[in-house]
Structures are given as C-alpha cells and as structure tokens.
2 protein chains.
Amino acid sequence: MTLPGLRERKKQRTREALIKVALELFTAHGYERTTVDEIVDTVEVSQRTFFRYFSSKEEVAFAVQQMVEERFVEALRRRPPGEGPFDALRNAVLSGWDTIGDAITEVVPLDLYLRTFQMIESTPALLAVHLRRSTEMEETLARIIAEREGLDVDADPRPRIAVAAFSGVMRVTGQMWGRGTDQSLEAIRALTEQYLDHLGAALAPRWRDRT
Amino acid sequence: MTLPGLRERKKQRTREALIKVALELFTAHGYERTTVDEIVDTVEVSQRTFFRYFSSKEEVAFAVQQMVEERFVEALRRRPPGEGPFDALRNAVLSGWDTIGDAITEVVPLDLYLRTFQMIESTPALLAVHLRRSTEMEETLARIIAEREGLDVDADPRPRIAVAAFSGVMRVTGQMWGRGTDQSLEAIRALTEQYLDHLGAALAPRWRDRT
DNA sequence: GAGGCTAGTGACAGTCACTGACAATTGACA
DNA sequence: TGTCAATTGTCAGTGACTGTCACTAGCCTC
C-alpha cells in the first residue's frame, strides 16, 4: 500500500469540506432553503465540481449516514453463527452503537451528525430518500441472514420478512428518538434495546390479557 | 346536497384527464423520461394549471394509490373491536383487496393501476415517495390501533411497533408481487395472506428447529 | 337577462437542481 | 522538464416548480 499522493489528499479534503459545509448550512438554515450555490461558494469550488463528488444535493446529506450503515452491515457479518437471526440483528445494532461515535467524529463533529439525522427525519424529501436507502440495506441484511441460515433468499421469504419487521421497529426507534428531548447516542441505544424487546410482545394476539 | 355545478364538473374532468394521461405516459415511456409539458400538451392545459391540481409531478403518480389507502384505513376502522390488533390489520387488508377493484376502475382501467404500482416500485424517486407516504399511513394506523386497545400512542410504543412490523411485511409483499410474473389482484391477495402468516414464525428465535 | 363578482386559467419571467461538452489547469511520472 | 491524464472550471441548456398579473367564464343578484 502506497501513501496517497497530493492529488488524492486534495480530493479527500474537498470532499470532506463539501460534506461539512453542506451539513452545517443544512442544519442551520434548513435543507430546502440551502442552495447548492451557497455550499460551493463557501468551499470555493464550482457547482460542476460539487456534482462530480455527489450525484445530487440529497446525496451529500447522507454521506455520514452511509458510513454508519456500512459499519452495521459489517457488525452483522461478524456475529457468531450460533445466534438466531433476530438476536444477530439485535446484537449487531447494539454493539454498533458502542463504537460508531469515534468513527463519525473523524469526519464531522458528533453533534453535527446527530442534528443532521434529525433534519433528515423532519425534511419530507430527505425522509423519503432515507427510507428508500433503508430498504436497499434491508436487501443486504436479508441476504446475510439467509446465508447464515443456509437458505435461498428468493425461495424462502422468511429472511426478508424478518428483516422487514426488524427494520420497521428500528425506523420507529429513530423517529421517536428524533422527536424526544434526549438527543444523545446513549438515548438512541437505550430506545433500540427497549423497542426491540417490545416486538415479540407486540405480535401477541391480544395485548390486554398480558399487560 | 346540491348537484355539483358545471364549474365543479369541469374541474373534475380536467383532474381525471391529467391523471389518466400522466399514468399512461409514465407507464409507456417511463416516469423520468416523461415531462410535465408532454402531459399538459396532451390534455391541452397550461403547465401552471397542472401544478394547481398537483403540487408536484410525483403527486399525480400517487393519485389512485391515495384512494386505495383511504379505503384500507376505513376498512380497519370498521373491524370489530373484539379482534386483536394484528388480526384487525390483517383482515382489513384482506377484505380490502376484495372490493378495491371496482373503486379503482371508476377512475382508471385496473391494469393501468397495476402497471402504475409496478412503475412506482421500480422507479427510485417514486419508491422513495411511496415509502414516505407509507410511514404517514402507519402513523394513522397506529392511532387507530391504540384507540381500539384503549392505549395512548405516545406513552405505549406497542401500537407503532406492531404497525411498523406489519407494514414492513406488507412492503415486502408489494415488492415480491412487483417482481413476480403473476400480476393480478388475486396474486397480491394470496401473497399478502401467505407472508403475514410467516411473520410469527420469522420472529421465532431459531428457524432450523421448526422447518 | 345584464352586469358584477370570483374561481379558475394562461402567459411570462424567474429560480434552482442537474447535465453535456469543451477548455484550462495541475499533479504524476518518465 | 516536458508529456500525459486526472481534475476542475466555464458555459449553455433542460426540466421542475413558483410568483405575478391579466383574462376568461361560471355563478349569482337584481
């Protein structure tokens, strides 16, 4: 492995500057009210360059999120094969939250990321993209689960169904966290744990009998 | 109730013409490759008028879907209070599929609707909007479920969690139906039934023991 | 049934995201 | 140092969408 040359480092710096400035402007003034021109003027590159780094204005908003998701997938891959599908998913998220903070801070301040996440949840256009990206990740997760269990994803619907139910709960978790008052990493971790525990109970035929 | 005047009827006709032409062009040439100008030229109204009826190009693609969703919500509201939350959701969808066909045909041919649904599933921009709309409906469903069970949605997470898991499965159903070969109303009904039955089993800790 | 009121429409100009084409620049490397 | 190739900037254009204002046509009153 060779050291990255000047050219490569410059590219990396431009990319990170674009992300940082974009997220700061987005969270400060709102996503819609921030134009791409404002971003590129601050970073001092041309608009054309922005669109060479990011295929759309939306994409830059998900740059950090992208990294978080990749970590989660890796965490799932590393789960011991003895765990059942649901436990593997659950433990992958929970262990992920423990190490994710440092990785984020290397790119942007942690609180900027947390504010970005809330902005995504509260901006319709971004929420839509977020949800679509989530389903793309679900497909990845389903394939990993299927492989763990020695199943064919296309023949047996259970991996996709389990992942869909799991992801649904994760999404509600993110939503509730965004609306709540405690906007810390610890809070989202606790909510995740709590809500996943509820899933089994929520599926029980009648709730009133066993409250 | 008075008969709608000429003005009102004219508006209704314009709206339906825009929907029909838009869906036909979308399904024939693709959503992205169809411009709003093409739609309005065919219907012979100005672009400005199009945007007075629909707030965006996306919205017209969901005009029929909107109606279907409203029906489902109504069906859920009419479920007997004795049913558990999950059964109520399940039966509302299944009974919905039986009567939905006629309602759709009043606006557009059934097969145009089915093709539109597939187009939505296979067009990233529309899929994103579709998913966001789904979560909006989930909120409605969660509130209905909470009310049925005499719970407070904001205090007890179970309604939202149950609905999220349920909707996740419904989404997978729609996806699988779109990818499959049998594109009939009956097929989607059968898939719905089959996949919902799998949900309980998919959550079981270990799958291998009970295949 | 003439005339005023107003909802609905069209025409026009402008903004913003995004793209293709080509020219200018600048690391990389012989 | 000079050449090559990657990166960036400039420019012109498209398509979705919005504000404004004038105009047309149902509607309603006298």
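Convention: sequence-line order gives letters A, B, ...; per-chain numbering from 1.
Atom CZ of B:R15 and atom P of C:dA7 are 20 Å apart (whole Å). Spacing between atom CZ of A:F54 and atom P of D:dT8 amounts to 12 Å, rounded to whole angstrom units. Whole-Å rounding puts the A:K10 NZ to C:dA28 C1' distance at 13 Å. The distance from atom CD of B:E8 to atom C1' of C:dA7 is 10 Å, rounded to the nearest whole Å. With rounding to whole Å, A:F50 atom CZ is found 17 Å from D:dT10 atom P. Distance CG (A:D41) to P (D:dT8): 17 Å, rounded to an integer number of Å. Straight-line distance from the CG atom of B:L25 to the C1' atom of D:dA16: 16 Å, rounded to whole Å. Distance B:L18 CG to C:dG8 P: 15 Å, rounded to the nearest Å.
For A:T49, the listed nucleotide lying nearest its side chain is D:dT8; candidates were D:dA16, C:dG10, D:dT8. Of the candidates D:dA25, C:dC22, C:dC12, C:dC22 carries the atom nearest the A:R52 side chain, counting heavy atoms from C-beta on. Residue A:S46 places its side chain closer to D:dT10 than to any other of C:dC16, D:dA5, D:dT10. Of the listed nucleotides (C:dC18, D:dC17, D:dA6), C:dC18 has the atom at the smallest distance from the side chain of A:Q47. Here the nucleotide nearest the side chain of A:F51, chosen from C:dC18, D:dG9, C:dC12, is C:dC18. Among the nucleotides D:dC17, D:dT7, C:dA21, the one closest to the side chain of A:R48 is C:dA21. For B:T35, taking side-chain heavy atoms from C-beta onward, the closest of the listed nucleotides D:dA6, C:dG10, D:dG15 is D:dG15.
In summary, A:E147 and A:R143 do not engage in a salt bridge, as defined by a charged side-chain N under 4.0 Å from a carboxylate O. Between A:E149 and A:R158 there is no salt bridge, since no side-chain N of the basic residue sits under 4.0 Å from a carboxylate O of the acidic one. In this structure, B:E24 does not pair ionically with B:K20, as no charged nitrogen and carboxylate oxygen lie closer than 4.0 Å. The pair A:E74-A:R77 counts as a salt bridge, with a side-chain nitrogen and a carboxylate oxygen less than 4.0 angstrom apart.
Counting any heavy atom pair closer than 4.0 Å across all strands shown, B:Y53 reaches sugar-phosphate atoms only and no base atom.
Under 4.0 angstrom from either OP1 or OP2 of C:dG8 there lies at least one side-chain N or O belonging to B:K11.
Aromatic ring orientation, B:F86 versus B:F166: perpendicular (interplanar angle above 60°, classes split at 30° and 60°).
Between B:V45 and B:R7, the residue whose closest nucleotide on DNA chain C is further toward the 5' end is B:R7. Ranked by how close their nearest DNA chain D nucleotide is to the 5' end, A:E44 and B:K57 are led by A:E44.
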